Every structure is written in C-alpha cells, then in structure tokens.
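One structure is given below, encoded as structure tokens.
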Amino acid sequence: SAVEELLSLGLFKALADVTPGLIKVALRPPSSVNAVADACAAAALGEIEGGVLDGTPAINAATDQPAATGLSEALSWAKEKSVDAYDWAKVEVPKAVEAVKSKIDESKK
C-alpha cells in the first residue's frame with residue numbers, strides 16, 4: 001500500500017524512533033492481515049527461526065510478501081498523466097490563442 005511505502009521511508013522511520021508512545025506506533029508502517037496471519041501460522045509450525053518478528057519488514061520477509069509499491073505506482077501514474085496533459089496543452093493552447101486572436105480581429109472590423 002502507499003501508506004506502508006510512505007511510512008517505510010527513512011524520514012518516517014527516524015521520526016518514529018524519536019517520538020513517544022502511540023505516536024511512535026502510528027508512524028510505523030502497517031502490516032497486512034494476510035502477512036500477519038501467515039507469520040503466525042509459520043511461527044506456530046516452527047518455520048520461523050528465533051520466533052520473534054518485530055515490525056513490518058520482518059513480517060513481510062518471513063512471509064515472502066512483496067515490497068509495498070502503492071506510493072511509487074501513484075507517483076509514476078501522476079508523472080505519466082502530467083506528461084500527457086502537457087503534450088495536450090502544447091497542441092491545444094496555441095489553437096485556442098489563435099481562435100481568440102481571430103475573434104478579436106473580427107470584432108475590430
């Protein structure tokens with residue numbers, strides 16, 4: 001998810017490390033329900049060494065969950081659409097300007 005990816009960035013990790021109590025918890029990346037369930041089952045079956053998984057990265061690694069990409073995908077989509085909008089404007093705005101100039105010229109006659 002985008003939230004998981006965002007909260008996994010170094011800035012948020014550093015903030016979480018220095019903030020107290022529930023703020024610290026709120027700044028930690030969330031773990032998906034499926035990843036936690038898989039980790040619990042693996043731990044119960046003795047498939048996880050050490051028996052303790054602390055945090056989303058450890059849970060995801062133990063359960064082969066893919067890295068969160070929601071934020072990266074959203075930024076990529078926004079970039080692509082911005083380029084599309086620029087390309088459209090590059091063609092259409094000059095047409096609109098010329099149309100307005102023509103109307104102004106016609107009104108002066």
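Computed from a predicted structure; not experimentally measured. Index from 1, following the sequence.
- Environment of CG in Asp54: sparse, with no more than 12 heavy atoms of neighbouring residues, nucleotides or ligands closer than 6.0 Å.
- Residues Val97 and Lys101 meet the side-chain proximity criterion, which asks for heavy atoms closer than 4.5 Å.
- The hydrophobic cluster containing Ile59, built from Ile/Leu/Val/Met/Phe/Trp/Tyr side-chain heavy atoms closer than 4.5 Å, also comprises Val36, Ile48, Leu53.
- Shortest non-hydrogen contact noted between Ala35 and Ser32 is N-OG, 3.0 Å.
- Enclosure of atom CG in Leu45 by more than 12 non-hydrogen atoms of other residues, nucleotides or ligands within 6.0 angstrom is indicated.
- Residues Arg28 and Asp17 are in side-chain contact: their nearest non-hydrogen atoms beyond the backbone lie under 4.5 Å apart.
- Proximity of Pro30 to Val3: side-chain heavy atoms (C-beta onward) are separated by under 4.5 Å at one or more points.
- Qualifying salt bridge (Lys or Arg N to Asp or Glu O under 4.0 Å) partners for Asp84, counting only residues two or more places apart in sequence or in other chains: Lys81.
- Tyr86 places a side-chain heavy atom less than 4.5 Å from the side chain of Lys90.
- No hydrogens or angles considered: a donor-acceptor pair under 3.5 Å links the side chains of Asn60 and Glu4.
- Residue pairs meeting the salt bridge (charged side-chain N to carboxylate O under 4.0 Å, His left out) criterion with at least one member in residues 32-46: none, sequence neighbours excluded.
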Salt bridge (Lys or Arg N to Asp or Glu O under 4.0 Å) assessment of Lys95 paired with Glu98: CA-CA 5 Å; Lys95 290 179 187 177; Glu98 286 303 317; over 6 Å; no
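- No side-chain N or O of Thr69 forms a donor-acceptor pair with one of Glu5 less than 3.5 Å apart.
- The line from CG of Asp105 to NZ of Lys103 is 11.5 Å long, rounded to the nearest 0.5 Å.
- Cluster annotation: Ile23 is connected to Leu11 through the hydrophobic network of ILVMFWY side chains, with a link wherever side-chain heavy atoms come within less than 4.5 Å.
- Taking CG of Leu15 as the reference point, atom NZ of Lys13 lies at 13.0 Å (rounded to 0.5 Å).
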